[in-house]
Amino acid sequence: MARVVVDVMPKPEILDPQGQAVANALPRLGFSGIGSVRQGKHFELEVDDSVDDATLAKIAETFLANPVVEDWVVRRVES
Amino acid sequence: MTTTELIDTVGHAESTPEQAQPYRELGLKDDEYQRIRDILGRRPTAAELAMYSVMWSEHCSYKSSKVHLRYFGESTTEEMRAKMLAGIGENAGVVDIGDGWAVTFKVESHNHPSYIEPYQGAATGVGGIVRDIMAMGARPVAVLDPLRFGPADAPDTRRVLHGVVAGVGGYGNCLGLPNIGGELVFDPSYAGNPLLNAACIGAMRVEDLHLAHASGTGNKVILFGARTGLDGIGGVSVLASDTFSGDESGSGRKKLPSVQVGDPFTEKVLIECCLELYREGIVVGIQDLGGAGLSCATSELASAGDGGMHVWLDRVPLRATGMSPAEVLSSESQERMMAVVTPANVDAFMRICAKWDVIATEIGEVTDGDRLVITWHDQVVVDVPPRTVAHEGPVYHRPIERPADQDALRANGPESLARPSTPDELRELVLRMVSSPNLASKRWVTEQYDRYVRGNSVLAQPADSGMIRIDERTGRGVAMSTDCNGRFCRLDPYTGAQLALAEAYRNVATTGATPLAVTNCMNFGSPEDPAVMWQFEQAVKGLADGCRELGIPVTGGNVSFYNQTGSTAILPTPVVGVLGVIDDVTRRIPTGIGAEAGDTLLLLGDTHEEFGGSEWAHVVHGHLGGLPPKVDLDRERLLAEVLVAGSRDGMISAAHDLSDGGLAQAVVESCLIGETGARVFLPEGSDPFVQLFSESAGRVLVAVPRSEELRFTEMCTARGLPWARIGVVDPEAGSLEIQDVATFGLDELREAWEGTLPALFD
Amino acid sequence: MSKIGVITFPGTLDDVDAARAVTYAGAEAVSLWHADADLRGVEAVVVPGGFSYGDYLRCGAIARFAPVMTEVVAAAAKGMPVLGICNGFQILCEAGLLPGVLIRNQGLHFVCRDQWLRVENASSAWTSRYEQGAEILVPLKSGEGCYVAEKSTVDELEGEGRVVFRYVGGNPNGSTNDIAGVSSANGRVVGLMPHPEHAIDALTGPSDDGLGLILSVLDSLVAA
């Protein structure tokens with residue numbers, strides 16, 4: 001078994017209202033120096049060794065992310 | 001990034017007349033491009049090309065539909081216009097509903113984006129129509145969403161429907177607008193082309209009506225709301241290659257999707273901010289930014305005013321770095337508005353925006369010339385007569401030809417289709433029809449929408465029409481329904497459009513409101529297909545003629561072409577929205593029976609054998625052919641008058657319109673919504689199948705208290721409206737008995753009616 | 001006339017409804033602005049529903065830092081009655097006035113329906129007008145209404161009678177023990193997911209059962 005992490009983030013050019021709301025709140029709470037915030041999704045999958053990278057990419061591309069508005073990254077973190 | 005020296009200025013355009021421009025990629029035809037050159041006396045700059053191309057697109061210019069849409073205006077009489085405060089050409093139509101109140105309403109499509117990215121497509125569809133309503137000076141008070149998808153059991157329908165419903169709910173719920181109605185229709189023709197039509201109703205005091213125009217030299221132009229980013233500029237990104245010579249952002253831009261992301265929170269704040277600005281009386285003109293963004297807002301505001309306009313485009317607050325002037329002009333970033341304000345009021349304007357944390361920037365000024373001049377870091381990138389951008393786009397007389405298969409389609413009637421003959425078969429058919437996707441309860445969808453917020457929702461789905469209280473003191477309110485049967489329109493678009501009008505009109509009257517005005521959303525295939533243009537022309541004529549017969553005006557509308565997969569167009573789908581007024585919402589007529597035991601059930605209107613395009617032919621035989629039901633608008637008008645009179649005099653305790661699925665469907669819904677049983681007896685000697693499933697128009701089922709029965713039926717007789725006593729409300733029974741046919745337990749009916757959508761989509 | 005405050009945050013939606021309910025009950029509704037650290041002399045506060053700050057990050061997570069909330073927390077400590085409805089309940093949980101948290105509905109969808117509730121505790125500041133065990137019909141409309149808390153907290157709430165409202169006729173969102181609303185230890189602060197302010201008139205809601213909450217708090221103010 002391997003642990004695979006998939007991070008899904010809104011594409012840089014796509015509006016991210018959630019990250020924006022957090023970024024706007026920070027100065028009000030007295031935290032300065034934070035330029036911008038973007039909020040995405042973090043998935044952790046327990047994966048059989050037989051599952052290859054291409055399959056993982058397909059899972060990310062076609063299901064976990066909507067490539068029209070989101071980018072994704074797949075990482076194997078431990079074996 | 002050093003881009004300024006690469007900016008295509010007017011001066012640069014003058015000195016490089018031969019420079020090739022990607023106008024074809026932007027959707028302009030050769031002659032259209034030449035016309036722009038003729039208007040300007042030179043080649044357009046990249047920014048001008050971006051503006052003209054988007055404003056002259058089908059979506060913005062109505063170039064294929066314009067010649068036909070004129071018929072709406074031509075067929076509207078002065079008498080019909082009496083209550084109309086603003087009509088076609090404004091952001092939305094406005095009607096006077098009495099007591100000093102004006103109501104504005106409109107339907108718009110967001111079909112293609114809802115297929116590409118269903119959640120955001122639907123969300124921004126709702127957001128866009130709400131800003132249209134705001135731009136009239138009104139507070140948005142309710143939304144309705146007519147939705148159409150491919151077959152309910154197709155895998156892609158699940159994807160699209162889940163996203164669209166979540167998007168409509170996610171945006172509308174967060175915005176705080178009650179969702180009070182709409183439609184949900186499944187048909188194979190919408191499989192690759194779902195329809196997301198969004199309707200919004202707004203209310204204001206008559207004196208607060210704001211029209212979009214920029215007048216008064218020296219007045220300031222203020223952009224407020226969200227920042228401008230790279231949203232929805234996919235098409236225009238071809239221009240980026242001119243200004244960005246292949247660097248990272250340049251090449252990246254070419255892949256930009258035409259997707260916009262909605263932020264309902266920003267829109268909610270924008271609504272409250274706008275309403276405070278209106279209350280303070282410091283807005284001269286107002287315009288929403290929708291499709292075509294700043295291109296549209298600046299050119300429309302300027303061309304509707306009495307002067308010119310100068311815009312300092314580099315002042316626009318941006319979300320992305322390195323945007324070119326063409327991109328800033330074309331961005332479709334959501335949740336933005338533009339206002340014209342006198343210099344004396346700019347400070348007050350900015351103060352209110354600051355209170356709501358809304359970014360507001362003075363980006364321009366009304367000038368005494370007649371040009372729209374846009375500068376970018378002091379260089380002129382646009383210098384055009386605004387009317388040529390906004391209103392004098394190309395107009396096409398597209399070829400029109402009755403479809404080759406139209407006669408064959410109409411000849412292939414439903415007469416020979418096998419019908420149920422025994423009571424057992426009829427019983428089975430009732431259950432099958434009630435549970436079919438188009439007739440099943442829409443609760444799975446509507447339960448995801450807030451119908452209560454703001455506390456003025458008097459009726460919402462599954463009522464015949466949604467009803468909203470406008471004036472809490474007097475109880476004055478409005479009702480609205482949207483309807484269309486695309487199959488009827490396929491068989492006969494002229495009659496089909498009138499049937500859609502008749503149904504929406506009837507639905508409004510069924511709740512006790514008086515129909516007042518009409519809007520529409522014309523969803524059709526490609527205008528380049530002569531058969532589609534024939535359908536469109538017929539539907540417009542049918543709707544306009546129908547409105548004249550009923551005496552209510554079309555106050556606005558929206559056209560969506562190119563709804564097709566490959567060369568196959570969707571069913572012609574002219575969605576018709578009718579708005580009605582009710583002077584006291586406490587006299588609304590509910591849909592469900594059971595308020596009083598022993599009420600008499602009356603069927604108003606005539607039932608003929610009409611199964612062409614019917615739900616029965618579709619569900620049982622997958623058949624579409626023959627003629628749609630006949631439409632009799634005099635009868636519809638009479639029926640509406642009787643319903644309103646009955647409501648006024650307290651003679652009707654419940655009413656439900658008969659449409660898809662006929663009497664069987666209406667009776668079952670009346671029982672289930674009212675959680676009350678009934679006994680129904682069909683006219684002696686009649687064919688029970690025809691009585692139960694025919695879809696003849698002009699019929700309503702009413703429940704009348706025993707004490708009022710004689711008075712009500714005498715009124716019908718005196719006015720010449722056919723009626724038949726077809727049953728009684730029976731709260732003790734817990735069942736629906738259709739005499740000599742079958743008895744159904746209400747639980748059994750509920751399971752059939754409510755089980756379908758959860759089974760398909762949970 | 002008793003004055004009851006209704007807070008408006010950016011993104012609050014049901015403030016007009018809450019104010020209407022206060023007026024229907026015969027009290028004066030006073031509008032409180034999120035950015036003002038001022039309760040304007042009110043005797044009780046309603047934190048209404050909506051999507052404050054878009055409910056981005058977590059429901060109520062940003063709103064609880066608003067200046068007005070500092071005042072509400074201080075006033076509640078001195079016994080001022082506070083009612084949180086839906087998003088208001090979420091804000092009170094984030095602000096620490098009530099235990100637990102509201103998470104996404106088990107069915108993952110937003111749910112808008114007329115919901116039966118049982119009044120489990122008729123002695124709180126906001127429920128004294130009801131009979132113990134009475135069943136009331138009010139709208140529920142939320143996407144994140146599933147109440148969860150540590151088991152020890154839930155046991156404590158149950159043991160001390162601080163579960164004020166419970167869903168009956170089916171759990172709409174997966175809430176622990178069918179919990180629809182809870183109270184503070186002194187019974188002065190109450191939060192619930194369903195919307196009593198939408199059930200004050202059968203014309204626009206499923207019943208007028210919800211008015212009892214406001215009438216209850218008015219009783220407690222007169223008695224105090």
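Quick note: numbers below take in every heavy atom, side chains included, and nothing from hydrogens, waters or symmetry partners. Below, read A as the first sequence line, B as the second, and so on, with proteins coming before strands; counting in each chain starts at 1.
- Heavy-atom contacts from other residues, nucleotides or ligands closer than 6.0 Å to CD of B:E276 number more than 12.
- Counting heavy atoms of neighbouring residues, nucleotides and ligands inside a 6.0 Å radius, atom CG of B:D762 exceeds 12 of them.
- Between B:W444 and C:H109, the ring planes are perpendicular. Angles over 60° get that label, and only those under 30° would be called parallel.
- Panel note: side chain B:R469, backbone C:L203; no donor-acceptor pair is recorded below 3.5 Å.
- Under a 4.0 Å N-O distance rule, the pair C:D15/B:R454 does not qualify as a salt bridge.
- B:D263 and C:Y56 form a side-chain donor-acceptor contact under 3.5 Å, judged by distance and modelled atom types alone.
- The parts of B:Y452 that come within reach of chain C are both its backbone and its side chain, each placing non-hydrogen atoms under 4.5 angstrom from that chain.
- For a residue to count as touching a neighbouring chain, one of its non-hydrogen atoms must lie under 4.5 Å from one of that chain's; by this rule B:V269 touches chain C with the side chain only.
- For B:S457, the part lying under 4.5 angstrom from a heavy atom of chain C is the backbone only.
- Atom CG in B:N456 sits 8.0 Å away from atom CG in C:D17 (nearest 0.5 Å).
- Between B:V453 and C:K141, the closest side-chain pair of non-hydrogen atoms falls below 4.5 Å.
- Crowding of B:E751 atom CD: a count of heavy atoms from other residues, nucleotides or ligands under 6.0 Å not exceeding 12.
- Closest approach of B:W356 and C:W33 over heavy atoms only: CZ3-CH2, 3.5 Å.
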Distance-only check: which donor-acceptor pairs under 3.5 Å involve side-chain atoms of residues 163-176 of chain B, not counting sequence neighbours?
| unit_1 | atom_1 | unit_2 | atom_2 | d |
| --- | --- | --- | --- | --- |
| B:Y171 | OH | B:E267 | OE1 | 3.3 |
| B:Y171 | OH | B:E335 | OE2 | 2.6 |
| B:N173 | OD1 | B:D450 | N | 2.8 |
| B:N173 | ND2 | B:G169 | O | 3.0 |
| B:N173 | ND2 | B:Q448 | O | 3.0 |

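- Within the 4.5 Å cutoff, the side chain of C:F51 has no heavy atoms near those of the B:F265 side chain.
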